[in-house]
Amino acid sequence: MAIARPVEPDLEFKRQILAFGAHDLSSCYQCGTCSVVCPLSTPGDPFPRKEMLWVQWGLKDRLVADASVWMCHQCGACSTYCPREAKPADVMAALRDYNILHYAVPRFMGRAIREPRWLPLLLAFPAVLLLAVLASLGHLAALPAGTVVFSKFFPVRVIENFYDVAVGFAVLVAILGGLRYWNALRKTSPAGEARASRGLVPTLAAIFKHARFKQCRSDRVGTRPTYKSHLFAAHAFIFYGFLGLVATTASVGIGIYAFHYLTPWPLWHPVKILGNLSGLAVIAACSVFLVRRIQDGRKAGKSTYTDWLFLSVLGLTVLTGYLSEATRLSGVAPLAYWTYFVHLVLVFFLLVYLPYSKFAHLVYRFVAMLHSASRPPGQGSEADSVLRLGGAPEA
């Protein structure tokens, strides 16, 4: 026999969701239009309708263990067709931001990334560390003489040891957050235990094909403008461009240590060409996202400080990489070396703070998609009973 469970709203949670950019939560009257027009919603997983209901109830524990928050790809159709202008897409984006903060370790880092007052300190931390490295090498008092070669300023072994430790910490923290989220999701699969081995290949295939972004475009309902027509192409450029930059960095490392092929490499080298083309793709995509956010304003959905910060840091990281290359070729040592220094600071910010920034969607969206693909075939969602009964889940 089903046992009713009382609803205990978490009012502080609702206030935080509003602070993260969600619209007036009382606007939604549960008509279900949002789930009907969503290209990705399914009968067994009717998002974002159930998320709107759970937010109104203040069900924090349910929402931080909800894969649908990350299955949403922010196409904006739900907000476009909402008859009450409740902006469910903004609510889903706010829930994703809250999820990142909830699983952040240590949590104060998640809060620091979200508050502009901490930005100078977040930038100063890697800057001071790198300055200390330069001081130990004697390069603060005098720059390396002769042809501009960045490995004379920051020796390859020194810079790799520095970033291996820093990025290694970020990877461990990101994995810890992802595992905590995975364990929370597994508790929502009462009909059978989710097994990662079942869904790993389909998940990776969907990610690399950008299948769900394509579905947002191909399966959309109606012709109203969502102001997100750029989403598929721009995100694909960032995704594949970033992978290209990672592949370039890995190839350089292999070239140095396996073949003793020291940098700088000529511009015509295939790896160098890959890196430059990948960087152009990232800058182009970041520019599109930034311009569209400015032009479309709130019509395209919420734009918070963390959105602007991520796009700005990502774009500036690649841009300073190009400027480092250009100033090196120009032979102006002070400008080249200190531009490279700024580039390294931004690389630290982008990669080491990954578990706390918008970049963390790499982890949490992957885990949510993996969980969805890993559940036994035919296993439905408990959301069906929740919405049908209009009350708390059965226990």
Side-chain angles (χ1 to χ4, degrees), residues 126-127 129-134 136-137 139 143-172 174 204 207-208 236-286 313-354 359 362:
L129 292 178
L130 289 169
L131 287 172
V133 172
L134 287 177
S136 69
L137 296 171
H139 293 163
L143 296 175
T147 305
V148 176
V149 178
F150 292 133
S151 59
K152 294 193 301 185
F153 189 51
F154 275 110
V156 173
R157 179 63 68 180
V158 171
I159 203 67
E160 284 196 351
N161 289 340
F162 177 85
Y163 279 94
D164 283 347
V165 173
V167 176
F169 168 78
V171 169
L172 287 175
L204 291 176
I207 290 173
F208 281 95
F237 268 62
I238 283 186
F239 178 75
Y240 292 113
F242 185 77
L243 286 182
L245 292 174
V246 171
T248 299
T249 303
S251 298
V252 170
I254 293 172
I256 291 174
Y257 292 110
F259 302 101
H260 305 289
Y261 188 27
L262 302 180
T263 57
W265 294 2
L267 293 177
W268 48 260
H269 193 284
V271 171
K272 197 77 169 181
I273 293 173
L274 172 64
N276 285 328
L277 290 178
S278 299
L280 286 174
V282 172
I283 289 179
C286 287
V313 170
L314 179 59
L316 287 173
T317 300
V318 179
L319 183 60
T320 53
Y322 278 116
L323 291 176
S324 297
E325 182 178 73
T327 52
R328 176 183 65 80
L329 294 173
S330 71
V332 183
L335 185 58
Y337 286 130
W338 290 112
T339 300
Y340 182 59
F341 174 84
V342 173
H343 174 66
L344 292 178
V345 170
L346 291 170
V347 169
F348 184 102
F349 192 106
L350 182 68
L351 298 181
V352 178
Y353 299 152
L354 179 151
F359 215 3
L362 285 173

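Sequential numbering from 1 along the given sequence is applied to the chain's residues.
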Please assess Leu329 against Leu267 for the test side-chain contact (heavy atoms from CB on, under 4.5 Å), listing each intermediate value before the final yes or no. CA-CA 10 Å; Leu329 294 173; Leu267 293 177; 4.0 Å; yes
Any idea how Tyr353 and Phe349 line up, ring-wise: parallel (<30°), tilted (30 to 60°), or perpendicular (>60°)? perpendicular
Main chain of Leu280, side chain of Tyr322: is a donor-acceptor contact present, judged purely on distance under 3.5 Å? yes
Beyond-backbone contact of Pro144 with Val149, side-chain heavy atoms, under 4.5 angstrom: no
Phe341: what forms a ring pair (Phe, Tyr, Trp, His ring centres under 6.0 Å) with it, not counting sequence neighbours? Trp338
Please name the pair of heavy atoms, one in Leu351 and one in Ala170, separated by the smallest distance, quoted to 0.1 Å. O-CB, 3.6 Å
How close do Val148 and Ala336 get, heavy atom to heavy atom, and via which atoms? CG1-CB, 3.8 Å
Heavy-atom pair of closest approach, residues Val345 and Ala127: CG2-CA, 3.9 Å
Distance col, row Ile159:CD1 vs Ser151:OG, nearest 0.5 angstrom, shows 11.0 Å
Taking the ring of Phe242 and the ring of Phe359, is the distance between their centroids below 6.0 Å? yes
Rounded to the nearest 0.5 angstrom, the CG-OG distance for Leu274 and Ser251 is 7.0 Å
List the atom of Leu137, the atom of Pro155, and the distance in Å for their closest heavy-atom pair. CD1-CD, 3.5 Å
For Phe237, does the CZ atom have more than 12 heavy-atom neighbours from other residues, nucleotides or ligands under 6.0 Å away? no
Give a yes or no answer on whether the side chain of Lys152 reaches the backbone of Ala145 with a donor-acceptor pair at less than 3.5 Å. yes
Sequence-distant partners of Thr320, side chain to side chain donor-acceptor pair (under 3.5 Å), two or more places apart: His343
Find the distance between CD1 (Ile256) and CZ (Arg157) and round it off to the nearest 0.5 Å. 10.0 Å
Can you measure from CD1 (Ile238) to OG (Ser278) and round to the nearest 0.5 angstrom? 13.0 Å
Side chain to side chain donor-acceptor pair (under 3.5 Å) partners of Tyr257, counting only residues at least two apart: Glu160
Hey, what do you get for CG (Leu314) to CG (Leu319), rounding to the nearest 0.5 Å? 11.0 Å
Please lay out, stage by stage, how Tyr340 and Thr327 fare under the test side-chain contact (heavy atoms from CB on, under 4.5 Å). CA-CA 9 Å; Tyr340 182 59; Thr327 52; over 6 Å; no
Check Ser324 against Phe150 and note the closest heavy-atom contact, atom names and distance. O-CZ, 3.3 Å
Could you work out, with ring pair (Phe, Tyr, Trp, His ring centres under 6.0 Å) as the rule, every residue matching Phe239, not counting sequence neighbours? Phe208, His210
Using the rule given for side-chain contact (heavy atoms from CB on, under 4.5 Å), can you reason through Val347 versus Tyr163, listing the C-alpha separation, both sets of side-chain angles and the distance that settles it, and then say yes or no? CA-CA 9 Å; Val347 169; Tyr163 279 94; 4.0 Å; yes
Shortest non-hydrogen separation from Gly241 to Val282 and the atoms involved: C-CG2, 3.6 Å
Keeping to residues at least two apart or across chains, list the salt bridge (charged side-chain N to carboxylate O under 4.0 Å, His left out) pairs with something in residues 313-335. Lys272-Glu325
Here the gap from Tyr261 atom OH to Ile254 atom CD1, rounded to the nearest 0.5 Å, amounts to 14.5 Å
Tell me, which pairs form a salt bridge (charged side-chain N to carboxylate O under 4.0 Å, His left out) where one or both residues lie in residues 345-354, sequence neighbours left out? none
